[in-house]
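Read through the structure below, which is laid out as structure tokens, and then see the notes.
Within every chain, numbering begins at 1; the chains are lettered A, B, ... in the order of the sequence lines, protein sequences first and strands thereafter.
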There are 2 protein chains.
Amino acid sequence: MSPEDALREAIVSGRLLPNQRLVEADLTRTLGVGRSAVRAALARLEHEGLVEHERNRGARVRLVEEREAVEILEARAALEALAARHAATRAGEADIADLRRILSEMRCLLDRGDLLSASDQNAVLHERLLEIAGHATAGRLISTLKSQLVRFQYRTILVPGRSERSFAEHGRIVDAVAAGDPDAAEAAMQTHLSHVAEALRGAESR
Amino acid sequence: MSPEDALREAIVSGRLLPNQRLVEADLTRTLGVGRSAVRAALARLEHEGLVEHERNRGARVRLVEEREAVEILEARAALEALAARHAATRAGEADIADLRRILSEMRCLLDRGDLLSASDQNAVLHERLLEIAGHATAGRLISTLKSQLVRFQYRTILVPGRSERSFAEHGRIVDAVAAGDPDAAEAAMQTHLSHVAEALRGAESR
DNA sequence: GTTGACAAGATTGTTGACAATCTTCGGGCT
DNA sequence: AGCCCGAAGATTGTCAACAATCTTGTCAAC
């Protein structure tokens with residue numbers, strides 16, 4: 001595993017706490033690579049928004065607090081709506097079948113009460129939509145935004161009734177894409193993610 | 001000036017041609033800094049999408065061709081539309097007066113036939129809107145997207161009648177923001193930038 | 001004439017040491 | 001006691017040298 005991936009994994013998994021200092025010498029030992037590699041990894045992670053870096057003061061794990069999480073989710077919504085629009089115009093028969101397959105998998109997991117796996121399948125659906133959209137720029141931006149939100153990704157699934165509503169929203173997105181209706185797909189994605197933001201705010205303020 | 005800024009400036013100003021190799025040793029002499037600094041700058045610029053980097057093969061200036069430019073513009077449109085929405089709900093009296101001042105400056109420059117300065121003022125307006133929106137995440141993303149488009153930024157102003165239509169579109173955006181109407185502001189920004197994309201496509205295919 | 005291997009040159013990747021900077025700790029002064 | 005100052009320690013920034021890799025040019029074999 002590259003030092004960058006190892007560090008990212010350690011941060012997003014929560015093994016490293018927010019605001020914790022990341023001393024290069026320590027990371028050199030922990031990751032088993034030279035200091036140059038560590039520095040390069042830190043520089044990239046800074047660009048991804050996972051660490052903060054002050055000159056001559058080193059790097060620390062960046063803390064994304066609620067206000068910013070909402071911002072990031074808004075930006076992500078705007079970009080995923082764009083992607084959904086593209087997906088609606090480009091999806092072929094096989095793509096649509098694939099999306100429906102993922103949906104039924106989700107239905108199955110929900111019926112079993114496996115909320116965690118359902119949430120993962122959720123991510124798979126979004127990923128597949130991006131692939132269908134074929135929009136490299138949006139894809140790149142969304143993936144960096146998502147990595148900043150990992151800490152919040154499971155926070156909404158315990159909100160009562162959220163899973164079912166989320167499933168219904170995903171159904172509407174897939175329907176719009178299958179119908180080849182860009183406007184509907186964009187709108188469906190937009191409302192879906194705005195509901196996620198709402199749920200996040202609700203879950204957070206408790 | 002930091003080596004990173006110097007390099008970025010050299011790339012976006014067009015002093016370095018697309019696909020031109022960026023040999024570290026040469027840059028060391030040109031920029032007057034050590035190789036470490038050069039490498040760090042190249043790494044960051046790669047993340048910004050301004051240079052391409054292959055392992056053991058060095059970096060070269062990245063060429064953004066039309067198809068990708070349209071993609072970038074679409075992503076930017078989605079994000080600026082979001083920002084415009086926020087600006088509409090947050091703009092105060094002073095902000096609105098400022099926007100109108102910029103508009104009248106633009107009108108003045110257009111009447112004088114100074115299209116280049118008018119285009120610059122255009123950028124000022126967008127910048128000010130972002131500031132009013134107070135959306136750091138969108139702002140960050142937009143600024144990196146913009147830096148990838150510098151090569152195209154003046155390409156549309158020579159399209160006959162484009163300046164006047166652009167001015168009218170900006171007027172509608174400012175009106176919507178002044179009226180505190182988020183939906184209208186978002187829509188106005190969206191149509192404005194989609195027209196820019198259209199003009200770009202038109203100017204390109206000649 | 002073309003192809004393949006091989007050596008020479010050029011360029012990047014990595015390591016270690018040194019310099020610059022920041023932080024912490026202790027002593028002297030008020 | 002509280003505060004300023006300076007030295008020591010810790011940490012990052014930079015530099016130069018070396019190793020690894022790629023590219024180019026040459027030459028022999030077919």
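With hydrogens and angles ignored, a donor-acceptor pair under 3.5 angstrom links the side chain of A/R35 to the base of D/dG13.
No donor-acceptor distance shorter than 3.5 angstrom exists from the side chain of B/R62 to the backbone of B/V51, with no hydrogens or angles considered.
Rounded to whole angstrom, the span from the CZ atom of B/R39 across to the P atom of D/dG13 amounts to 16 Å. What separates CG of B/L27 from C1' of C/dA10 is a distance of 15 Å, to the nearest Å. Look at CZ on A/R60: it is 11 Å from P on D/dT12, rounded to the nearest Å. Whole-Å rounding puts the A/E24 CD to D/dT14 C1' distance at 12 Å. If you measure from atom CG of B/D26 to atom C1' of C/dT11, you get 10 Å, rounded to the nearest angstrom. Atom NE2 in B/H53 sits about 7 Å away from atom C1' in C/dT12, given to the nearest Å. A straight line from CD of A/E54 to C1' of D/dT12 spans 13 Å, rounded to a whole angstrom. Residue A/R55 contributes atom CZ, which lies 7 Å from atom P of D/dG13 at whole-angstrom precision.
Side-chain contact check for A/Q20 versus A/L17: some heavy-atom pair is nearer than 4.5 Å. Taking 4.5 Å as the limit, every side-chain heavy atom of B/R85 sits out of range of all side-chain heavy atoms of A/E74. A 4.5 Å side-chain heavy-atom check between B/H170 and B/V174 finds every atom pair outside the cut-off.
For B/N56, taking side-chain heavy atoms from C-beta onward, the closest of the listed nucleotides D/dT11, D/dC22, D/dG13 is D/dC22. Of the candidates C/dT23, D/dC15, C/dT12, C/dT23 carries the atom nearest the A/R57 side chain, counting heavy atoms from C-beta on.
A/L110 contributes atom CG, which lies 6.5 Å from atom CG of A/L115 (distance to the nearest 0.5 angstrom).
With the nearest nucleotide of DNA chain C identified for both B/S36 and B/V23, B/V23 has the one nearer the 5' end.
Salt bridge status for A/R101 with A/E105: absent, with no side-chain N to carboxylate O gap under 4.0 Å. Using a 4.0 Å cut-off between charged side-chain N and carboxylate O, B/R162 and B/E198 make no salt bridge.
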**Study point:** Dot-bracket summary - DNA chain D, pairs being Watson-Crick or G-U whose distances fall under 3.5 Å, with | when paired to another strand
**Key:** ||||||||||||||||||||||||||||||
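At a threshold of 4.0 angstrom between heavy atoms, the contacts of B/L22 are confined to the sugar-phosphate backbone, with no base atom among them.
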